[in-house]
Every structure is written in C-alpha cells, then in structure tokens.
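The figures that follow rest on heavy atoms only: side chains count, while hydrogens, waters and symmetry mates do not.
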Amino acid sequence: MNLILVAAPAAGKGTVAEILNQKYGLIGVSAGELLRGVDPETELGKEIRQIQSEGKLVSNEITNELMKQRLSMSDVKTNGAILDGYPRIMDQVYALESMMKELNFNIDYVIYLKIDYETALKRTLGRRICPNCKKTYNVLTGYNTPKVENVCDNCGCLLDKRNDDNEESLKVRFNFFNENTLPVVEYYRNLGKVIEIDSSKTIEEVIKDLEKSLGV
C-alpha cells in the first residue's frame with residue numbers, strides 16, 4: 001500500500017508516518033527530510049537551508065529529483081511507502097504521475113490531516129528534534145515532552161530546533177498551503193482517493209481514526 005500525507009505545517013505528518021512505518025512496515029518518505037539530508041557544507045545544502053529559513057519552498061527540480069531517487073529504492077518497492085509532504089503543488093502532482101509510470105508505482109490513498117492555525121503555531125514553536133535519531137518532541141503542547149529538558153530520551157543528545165520553526169515562517173507556509181496545496185487535495189478528492197482526518201486531536205485518536213478509515 002502506498003499513501004500520500006497532505007497537511008498544513010505542524011499537522012503531524014512526520015509522526016503519523018513514523019507510526020505507520022512501525023506498525024505496518026510502510027516506508028516514510030519525507031520531502032523535508034530528503035532536503036535536510038543534503039550535506040549542509042555543499043552549495044546545494046546551503047541554498048536549501050537559506051530558502052527554508054525564509055519559509056519558502058525549494059525548487060521543484062531539486063525536490064522532484066530527490067523524490068524520484070528515493071522512490072526507486074528497493075525498500076519502497078518491497079514494503080510500500082508513505083509520502084510525507086509531497087506533492088505540495090499541482091506541478092509536483094504531475095511530476096509524481098510521471099515518476100509512477102516510469103517506476104511502476106501507484107498511490108492507493110491520500111490522507112489529508114486538517115489543523116487550525118493556532119494549534120499549528122503552538123506545535124511549531126515547541127517542536128524539538130534529536131539530531132541523531134531524529135525523534136521529535138514538543139516542549140509547549142504537553143504531549144511528547146522529553147523526560148530531561150532539551151535532551152533526547154533515546155540517545156541523550158541535545159535537541160535541536162529547526163531553523164524554520166518560527167511564527168513568521170509558519171505564516172508564509174500556512175498561507176502557501178491554503179493557496180497552493182488545497183488544490184492538490186481537491187484533485188485527489190475528485191479521484192476518490194482522499195481520507196480526511198482531524199489532526200488537532202491527540203496522536204492516538206488520529207491513528208485510530210485513520211486505521212478505521214483504511215480498514216486496517
């Protein structure tokens with residue numbers, strides 16, 4: 001089974017993808033992680049980080065190529081994938097359709113995680129990430145707080161804050177989502193593939209609603 005997760009910033013795409021990976025073996029393929037995985041010492045890495053710090057999106061050419069390389073790997077073909085944060089615009093939808101034909105890849109469902117701005121803001125400002133194991137925490141919502149302040153429960157590393165986790169950047173990304181990504185949702189809704197989930201709930205409730213909708 002192959003899924004797309006579509007959501008405004010801080011709606012929990014990464015967390016949902018991680019849980020589905022652990023429970024069902026689906027491979028999480030995050031556009032954001034692919035971009036952040038580019039060596040920051042290279043010119044491409046520096047360019048990507050500058051763009052992200054301004055709350056803007058990296059060019060389609062870069063994102064599409066990184067995504068195509070990842071979807072061609074054997075683990076995706078064997079286990080199925082969860083596309084996290086891609087496609088975000090209609091041009092990427094068309095690029096994905098081209099990839100699917102070339103790679104013999106199919107999308108079964110598009111999961112739309114809905115969230116309001118105030119909830120997204122609280123999640124964004126409180127988000128912290130372990131640079132080593134990539135586990136995500138939040139210091140403001142009261143959910144998934146690290147046991148020791150600013151220290152990862154798993155590996156003891158000091159937690160990082162993403163350079164785009166600020167209110168100014170969130171506003172840019174949230175507005176972009178409403179103007180450019182909602183048409184993606186409607187495109188797939190017209191194909192009968194959209195499952196809509198209220199992601200302002202706790203993660204346990206979100207997963208329960210999602211599993212019910214997927215019939216798993």
| Check: A10 main-chain N/O paired with R123 side-chain donor or acceptor under 3.5 Å |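 Looks like yes, one N/O pair under 3.5 Å.
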
| Donor-acceptor pair, N138 side chain versus N144 backbone, under 3.5 Å? |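 Side chain of N138 to backbone of N144: no pair is present.
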
| said: Apply salt bridge (Lys or Arg N to Asp or Glu O under 4.0 Å) to residues K68 and E102 and explain how you reach the verdict. | reply: CA-CA 10 Å; K68 182 179 178 180; E102 184 176 344; 3.0 Å; yes

| field | Pairs where residues 172-199 contributes a residue and the test ring-ring contact (aromatic ring centres under 6.0 Å, His included) is met, not counting sequence neighbours | value |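 Passing the test, one end in residues 172-199: Y117-F174.
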
| request: Determine, step by step, whether R49 and D164 satisfy the salt bridge (Lys or Arg N to Asp or Glu O under 4.0 Å) criterion, reporting the C-alpha distance in whole Å, the side-chain angles of both residues, the deciding distance to 0.1 Å, and the verdict. | output: CA-CA 9 Å; R49 280 152 184 76; D164 57 341; over 6 Å; no

| query | Is there side-chain contact between C130 and N154, with at least one heavy-atom pair below 4.5 Å? | reply |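 Heavy-atom side-chain distance check fails, nothing below 4.5 Å.
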
| Pairwise side-chain contact, D75 with R70, heavy-atom cut-off 4.5 Å (strictly under) |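 They are in contact (side-chain heavy atoms under 4.5 Å apart), so the answer is yes.
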
[X] atom [atom1], over 12 foreign heavy atoms within 6.0 Å:
X	atom1	result
N190	CG	yes
E168	CD	no
K161	NZ	yes
E204	CD	yes

| request: Go through the structure and list residues passing side-chain contact (heavy atoms from CB on, under 4.5 Å) with D91, not counting sequence neighbours. | output: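 With neighbours one apart ignored, the set is N60, I89, Y94.
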
Got a list of side-chain donor-acceptor pairs under 3.5 Å for residues 208-216, not counting sequence neighbours?
{"unit_1": "D209", "atom_1": "OD2", "unit_2": "K201", "atom_2": "NZ", "d": "2.9"}
{"unit_1": "E211", "atom_1": "OE2", "unit_2": "K23", "atom_2": "NZ", "d": "2.6"}
{"unit_1": "E211", "atom_1": "OE2", "unit_2": "Y24", "atom_2": "OH", "d": "2.5"}
{"unit_1": "S213", "atom_1": "OG", "unit_2": "D209", "atom_2": "O", "d": "3.1"}

Single-linkage hydrophobic cluster, 4.5 Å side-chain cutoff, [X] and [Y] together:
X	Y	answer
V185	V110	yes
Y112	Y86	yes
L3	L191	no

| field | Salt-bridge criterion met for K134 and D160 (N-O under 4.0 Å) | value |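 Between D160 and K134 there is no salt bridge, as every charged N stays at least 4.0 Å from the carboxylate O atoms.
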
| message | What I want to check is whether the side chains of N150 and Y137 have a donor and an acceptor closer together than 3.5 Å. | response |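 There is no such pair (donor and acceptor under 3.5 Å, judged by atom type) between the side chains of N150 and Y137.
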
| task | Give the intermediate values and the outcome of salt bridge (Lys or Arg N to Asp or Glu O under 4.0 Å) for residues E196 and R189. | result | CA-CA 10 Å; E196 191 170 300; R189 196 190 303 276; 3.2 Å; yes

